[in-house]
Amino acid sequence: MSTAGQVIKCKAAVAWEAGKPLSIEEVEVAPPQKEEVRLKILFTSLCHTDVYFWEAKGQHPLFPRIYGHEAGGIVESVGEGVTDLQPGDHVLPVFTGECKECRHCKSEESNMCDLLRINTDRGTMLSDGKSRFSKDGKPIYHFLGTSTFSEYTVCHVGSVAKINPAAPLDKVCVLSCGICTGFGATVNVAKPKKGSSVAIFGLGAVGLAAAEGARVSGAARIIGVDLNSNRFEEAKKFGVNEFVNPKDHNKPVQEVIAEMTDGGVDRSVECTGSIQAMISAFECVHDGWGVAVLVGVPSKDDAFKTHPVNFLNERTLKGTFYGNYKPRSDLPGVVEMYMNKELEVDKFITHSVPFSEINKAFDLMLSGQSIRCIIRMEN
């Protein structure tokens with residue numbers, strides 16, 4: 001029986017206030033409007049970004065809110081003007097978008113869509129400034145235009161990537177955010193050559209994905225840098241074969257790496273958000289050809305400081321957003337890499353819980369036990 005055009009009642013994990021356990025509630029999800037699609041979410045995953053804004057660290061987020069932005073699902077219905085998706089399509093919603101019309105989308109060098117660029121403050125839909133979620137007649141706000149901690153959600157069509165229906169959604173759902181961010185930072189931006197050396201700063205999910213990119217690229221030396229030595233053993237599964245804990249040395253870590261590699265690594269990828277790690281990642285690459293790529297998001301008051309001679313000596317500093325992938329155009333190809341066994345995704349998934357136990361996923365991440373925890377919407 002079709003539900004198109006109707007309000008759907010379903011379960012959602014609602015954050016009523018910062019830092020408090022999510023509450024499973026029955027909410028109403030309105031039909032999609034112009035250029036929108038309504039999705040049935042089958043699997044979602046917890047990302048550190050969800051935790052960061054749920055904790056409201058340095059932020060003033062909207063509450064009540066439905067978080068979640070790594071997920072896989074099926075199109076339930078489409079709004080006016082949607083032509084490239086139809087009910088039944090298998091999709092991944094993505095926290096950023098690709099309108100395909102703006103200068104950024106038309107550029108081969110950018111994935112920073114003018115219309116659908118990430119906005120953590122907006123809690124409503126673009127078309128009318130209203131939420132599609134409500135409970136007892138009162139709105140519940142969206143998060144990153146995805147809000148996948150709900151059995152049904154509504155997204156702008158530009159933030160939904162159609163993928164191979166044969167791909168297992170309980171695996172490829174993690175490609176919606178962190179894995180593509182780290183992997184793409186290496187393969188699309190750093191572009192290490194076969195046999196080269198790569199330093200990865202930060203061995204969380206994004207850093208491990210960056211290491212996976214270095215492994216797939218054929219790097220010979222993949223050096224993991226992290227303040228937590230307990231992460232080193234797990235990182236070996238992702239190709240990391242040397243390790244440095246800055247706390248174990250009485251000199252800057254960039255000097256340690258330079259000594260290990262006869263002048264510096266060929267490439268580095270920073271995945272922490274620490275401004276000091278960013279500086280170290282840049283200063284540890286070899287002069288003449290070294291490239292450093294920044295992925296982590298620093299605090300708003302941070303300033304990047306290094307001596308200009310580091311640039312004059314032909315070191316290159318780059319930044320990246322979502323691994324330079326255009327969601328609608330490129331994400332289906334990343335899924336195909338997984339299907340062709342060119343990209344290993346399963347090893348990122350360390351836990352799985354039913355939707356009713358979503359707060360356990362938060363506990364696992366906060367305690368450092370999980371890389372990615374899959375949340376099964378149908379218990």
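Between E242 and R221, at least one side-chain nitrogen of the basic residue sits less than 4.0 Å from a carboxylate oxygen of the acidic one, meeting the salt-bridge criterion. Using a 4.0 Å cut-off between a side-chain N of Lys or Arg and a carboxylate O of Asp or Glu, E212 and K347 qualify as a salt bridge. Remark: K237 does not engage E344 in a salt bridge, criterion side-chain N to carboxylate O under 4.0 Å. Ion pairing between D128 and K34 fails under the 4.0 Å rule for side-chain N and carboxylate O.
Donor-acceptor pairing under 3.5 Å is recorded for the side chains of Q369 and S367. Donor-acceptor pairing under 3.5 Å is recorded for the side chains of R376 and S352.
Evaluation of the ring-ring contact (aromatic ring centres under 6.0 Å, His included) test over residues 7-36, restricted to residues two or more places apart or in two chains, returns none. Residue pairs satisfying the ring-ring contact (aromatic ring centres under 6.0 Å, His included) criterion with at least one member in residues 168-190, sequence neighbours excluded, are absent.
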Test salt bridge (charged side-chain N to carboxylate O under 4.0 Å, His left out) on K135 and E25 and set out the steps.
-> CA-CA 8 Å; K135 180 174 175 61; E25 306 278 0; 3.7 Å; yes
Kindly determine whether E76 and K40 satisfy salt bridge (charged side-chain N to carboxylate O under 4.0 Å, His left out), including the steps that lead there.
-> CA-CA 6 Å; E76 176 270 337; K40 180 178 182 180; over 6 Å; no
Evaluate the criterion side-chain contact (heavy atoms from CB on, under 4.5 Å) for residue pair I358 and I24; output intermediate values, then yes/no.
-> CA-CA 9 Å; I358 189 172; I24 303 295; 4.3 Å; yes
Full working for side-chain contact (heavy atoms from CB on, under 4.5 Å) between D50 and F143 = CA-CA 9 Å; D50 299 308; F143 179 64; 3.3 Å; yes
Between E259 and K251, is a salt bridge (charged side-chain N to carboxylate O under 4.0 Å, His left out) present by the stated rule, with each step listed?
-> CA-CA 11 Å; E259 291 175 1; K251 63 178 70 174; 2.9 Å; yes
Hey, mind stepping through R65 and E17 against salt bridge (charged side-chain N to carboxylate O under 4.0 Å, His left out) and telling me if it holds?
-> CA-CA 8 Å; R65 204 166 200 178; E17 55 183 303; over 6 Å; no
L317 vs L294, side-chain contact (heavy atoms from CB on, under 4.5 Å): CA-CA, chis, key distance, verdict = CA-CA 8 Å; L317 181 64; L294 306 185; 3.8 Å; yes
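Relative ring orientation between H142 and F133 is described as tilted, the plane-to-plane angle lying within the 30° to 60° band.
Between the side chain of T148 and the backbone N or O of H69, at least one donor-acceptor pair lies under 3.5 Å. Panel note: side chain T153, backbone S150; no donor-acceptor pair is recorded below 3.5 Å. With N359 contributing its side chain and P21 its backbone, the two residues share no donor-acceptor pair below 3.5 Å. The main-chain N or O of L227 is found under 3.5 Å from a side-chain atom of K247 such that the two form a donor-acceptor pair. Proximity of a side-chain donor or acceptor of T186 to a complementary backbone N or O of A210 within less than 3.5 Å is detected.
Taking the centre of each ring, Y52 and F362 stay at or above the 6.0 Å mark. Within the 6.0 Å centre-distance limit, the rings of F238 and F348 are counted as a close aromatic pair. Taking the six-membered ring for Trp and the full ring otherwise, Y67 and Y141 have centroids separated by 6.0 Å or more.
Taking CD1 of I74 as the start and CG of L39 as the end, the distance is 10.0 Å to the nearest 0.5 Å.
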